[in-house]
Engineer: 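What follows is a single structure, and I will ask about it in a moment.
Values below: every heavy atom of this structure, side chains too, minus hydrogens, waters and symmetry copies. Quick caveat, the model's predicted, so the values are computed rather than measured. All ligand and atom numbering here is 1-based and tracks the order in the structure.
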Amino acid sequence: MFDELGSKLDAALKKLRERGVLTEPMIKDGLREVRRVLLEADVNFQVTRDFLERVQQRAIGEAVLKSVSPGQQIVKIVHDELARLFGEGRPSLAVHGTRTSVVLMVGLQGSGKTTTAAKLARRIARGGAKPMLAACDLQRPAAIDQLRTLGGQIGIPVVAGEFGGDPVAAAKRARDEANAGSFSVLIVDTAGRLQIDERLMEELASIKEAVSPTEILLVADAMTGQEAVKIAEGFDQALGITGVIMTKMDGDARGGAALSIRGVTGKPIKFVGVGEGMDDLEPADPERLAGRILQMGDVVGLVERAQATIDRAEQEKLEAKVMGKGGGRFTLEDFLVAMRQVQRMGPLEQLLKMIPGAGKLKIPAGNLDPKRFKHVEAIILSMTPEERRKPDILNASRKMRVAKGSGRPVAEVNRLLKQFKEMEAFMKQMRGMMGGMKGLPFG
Ligand code: GDP
C-alpha cells in the first residue's frame with residue numbers, strides 16, 4: 001500500500017542522496033520536497049510539520065555535513081524518524097495475568113472489524129493462549145452470523161447476544177462466561193456505523209464501563225486517507241483507544257493514513273491486516289512500516305554497513321588520489337585498497353540488492369563472483385611494488401611472471417591492466433570536469 005508514497009519519497013530523497021556534499025540550505029531544500037510528498041500522500045499537515053522539524057534538527061545537528069555520504073545519512077534520519085513516529089519497538093497486547101482480559105474492537109462499519117476480531121483470536125490461540133469471541137453488534141443479524149461462521153472456521157468459540165438485544169448486557173454475559181471457562185482473552189466485536197455518531201459512542205462507552213477492557217483497539221481502513229484521522233480522533237476522544245489495527249494494507253491505498261493516525265492520536269499501530277484470509281494479520285513493526293513507506297530497499301542497512309567498514313582515513317587518501325590532489329596518483333595499489341574495502345562490506349549481490357533501483361541493473365553474474373576479486377587480488381599481489389605503481393613497465397616476460405605467480409592466465413593479467421587503464425582515463429576526465437566546475441556555485 002505504501003508504494004505510491006514510497007516512490008515519491010524516493011524521488012525526493014534521490015536528489016539528496018546523489019549529492020556528495022550537503023549544505024544547510026540544501027538540506028532544507030530537500031526536506032521541502034519530502035514535505036510535499038507526505039502531504040500529497042494524505043499525511044496530516046501537523047504531523048508532517050512536526051516530523052520534518054525533527055528531521056531537520058537532527059540532520060543539521062548531527063554533523064551530517066561531515067559524514068561519508070551526507071545524502072544517505074539524511075535518508076537514514078528520515079527513516080529513523082518515521083520509525084519513531086510509528087512507535088518504539090513492537091507493540092504487544094495488554095493482558096491480565098489471572099482473569100479474562102477483554103479486548104474491545106471498535107470502528108466504522110466496513111472497516112474490517114469482524115474479520116479482524118477473528119484474525120486476532122486466531123493469532124492469540126496460535127500463541128498458546130485461550131481466546132473467545134463475543135458478537136456484540138446486535139443491530140445486524142449478518143454481523144452475528146459472520147462472526148459465528150469465522151469462529152467455526154478457525155475453531156474458536158463464539159458467544160453472541162440476541163439480535164436486537166442490549167449489547168452492554170451481552171458483553172457482560174460474554175465476559176462472565178469467558179471467566180468461568182478460564183478463557184484468557186475475550187475479543188468483543190461491537191457495532192459500527194457508516195460514520196461516527198453520538199449514540200454509537202455512548203453505546204461503546206457503556207460497554208467499556210461494563211467490562212473494563214485492557215485494550216480498546218480501533219480497526220481502521222487504510223484506504224480512507226485523511227478521513228481516517230478524523231475517525232481515529234473521534235473514537236479516541238470518546239473512548240480512549242489503546243491502539244490501532246490498520247486493515248487493507250494489502251491494497252494500493254495511500255500511505256498517509258497509518259502515519260497520520262499515529263501522529264495525531266499518539267496511539268500505537270499494533271497490527272496490520274494484509275488480506276482477507278484468517279492468517280493475514282501481522283504485528284506492526286515500526287521499522288518495517290517506515291521501510292515500506294520509504295520503499296528504498298535497505299538503504300539504511302547499507303549506510304550502516306558502509307560506516308562500520310570503510311576506514312575513513314583510507315577513504316580520504318583514496319579520494320585525494322582520485323582527485324589528483326597532493327601530487328598523488330591512483331595506482332594499482334590503491335585499486336587493491338579500494339577493492340578490499342568494498343569486499344569488506346559483504347557479498348556484492350547482497351549490497352546491490354540494498355541499493356534502490358540496482359535490482360533493475362543487469363549485471364552479468366560472473367562480474368560479482370567473489371572469486372574474481374580474489375583473482376584480481378592475486379594478480380596485483382604478484383607484481384612488484386614498482387610494477388603496481390607503473391604498470392606500463394609490464395612487458396611480456398614480466399606479465400608471464402605475474403601470471404605464474406598468481407596462478408592466472410596471462411589473458412587475465414592483460415584484462416586487468418586494460419581495465420585499470422580505462423579507469424585511469426576515466427578519472428582524468430572526471431578530474432578535468434571537476435576542475436572546470438570550480439567556479440560554479442555547486443563546484
Ligand atoms: P466490519 O463491518 O467492520 O465488521 O467489516 P468486515 O469484517 O465485515 O470486513 C469488511 C470487508 O473487508 C470484508 O470483505 C473483509 O474480508 C475485508 N477485509 C477486512 N480486513 C481486510 C484486509 O486486511 N485486507 C483485505 N484485502 N480485506 C480485508
Engineer: Against heavy atoms of Q109, which atoms of ligand 1 measure under 4.0 Å?
Structural biologist: 2 (O)
Engineer: Can you sort out which atoms of ligand 1 are near T114, meaning under 4.0 Å from one of its heavy atoms?
Structural biologist: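 What qualifies from ligand 1 is 1 (P), 4 (O), 7 (O).
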Engineer: Look only at interatomic distance and state if S111 has a nitrogen or oxygen under 3.5 Å from any nitrogen or oxygen of ligand 1.
Structural biologist: yes
Engineer: Under 4.0 Å, heavy-atom basis, I'd like to know which part of L281 is in contact with ligand 1: side chain, backbone, both or neither.
Structural biologist: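 L281 to ligand 1: no contact under 4.0 Å from either part.
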Engineer: Short N/O distance, under 3.5 Å, between G273 and ligand 1?
Structural biologist: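 Yes, since at least one N or O of G273 sits under 3.5 Å from an N or O of ligand 1.
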Engineer: Under 4.0 Å between a Lys/Arg side-chain N and an Asp/Glu carboxylate O for R199 and E202?
Structural biologist: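 The answer is no: the pair does not qualify as a salt bridge.
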Engineer: Extract all donor-acceptor atom pairs below 3.5 Å that involve side chains of residues 165-185 and protein atoms in other chains or at least two apart in sequence.
Structural biologist:
{"unit_1": "D166", "atom_1": "OD1", "unit_2": "V168", "atom_2": "N", "d": "2.9"}
{"unit_1": "R175", "atom_1": "NH1", "unit_2": "A210", "atom_2": "O", "d": "3.2"}
{"unit_1": "N179", "atom_1": "OD1", "unit_2": "T100", "atom_2": "N", "d": "3.4"}
{"unit_1": "N179", "atom_1": "OD1", "unit_2": "T100", "atom_2": "OG1", "d": "3.3"}
{"unit_1": "S184", "atom_1": "OG", "unit_2": "K130", "atom_2": "N", "d": "2.8"}
{"unit_1": "S184", "atom_1": "OG", "unit_2": "K130", "atom_2": "O", "d": "3.1"}

Engineer: Quick one: which of G112, A191, G110 has a heavy atom closest to atom 2 (O) of ligand 1?
Structural biologist: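 Closest candidate by heavy-atom distance is G110.
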Engineer: Just which atoms of ligand 1 are under 4.0 Å from any heavy atom in L108?
Structural biologist: 3 (O)
Engineer: Select one of side chain, backbone, both or neither to describe which atoms of D189 lie under 4.0 Å from any atom of ligand 1, heavy atoms only.
Structural biologist: neither
Engineer: With atoms numbered from 1 as shown, which atoms in ligand 1 lie under 4.0 angstrom from a non-hydrogen atom of V274?
Structural biologist: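 Ligand 1 atoms under the 4.0 Å threshold to V274: 23 (O).
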Engineer: Please list, one pair per line, the donor and acceptor atoms closer than 3.5 Å that link side chains of residues 145-155 to other protein atoms, with sequence neighbours excluded.
Structural biologist:
{"unit_1": "T149", "atom_1": "OG1", "unit_2": "D145", "atom_2": "O", "d": "2.7"}

Engineer: Name the residue from L120, V272, T115 that meets the side chain to side chain contact (heavy atoms under 4.5 Å, CB included) definition with L281.
Structural biologist: L120
Engineer: Under a 3.5 Å distance rule, please check whether K119 uses its side chain to pair with a backbone N or O of D280 as donor and acceptor.
Structural biologist: yes
Engineer: When you compare ligand 1 with K248, is there at least one nitrogen or oxygen pair between them that comes in under 3.5 angstrom?
Structural biologist: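 Yes, at least one N or O pair falls under 3.5 Å.
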Engineer: What do we get for K119 next to ligand 1 when only non-hydrogen atoms under 4.0 Å count, side chain, backbone, both or neither?
Structural biologist: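 The answer is the side chain.
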Engineer: Under 4.5 Å between any side-chain heavy atoms of E412 and H375, yes or no?
Structural biologist: yes
Engineer: Can a side-chain donor-acceptor contact be found between T265 and D236 if the only test is distance below 3.5 angstrom?
Structural biologist: no
Engineer: For ligand 1, which is the ligand I care about here, please tell me if E276 has any N or O atom under 3.5 Å from one of the ligand's N or O atoms.
Structural biologist: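 Yes - when backbone and side-chain N and O of E276 are compared with those of ligand 1, one distance drops under 3.5 Å.
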Engineer: Just jot down the ligand 1 atoms closer than 4.0 angstrom to any heavy atom of Q146, in number order.
Structural biologist: 6 (P), 7 (O), 8 (O)
Engineer: Say you draw a straight line from CD of E233 to CD1 of I241; how long is it, rounded to the nearest 0.5 Å?
Structural biologist: 10.0 Å
Engineer: Are any of the N/O atoms on T115, whether in the backbone or the side chain, positioned under 3.5 angstrom from an N/O atom of ligand 1?
Structural biologist: yes
Engineer: Would you say V244 and K270 make side-chain contact, with heavy atoms under 4.5 Å?
Structural biologist: no
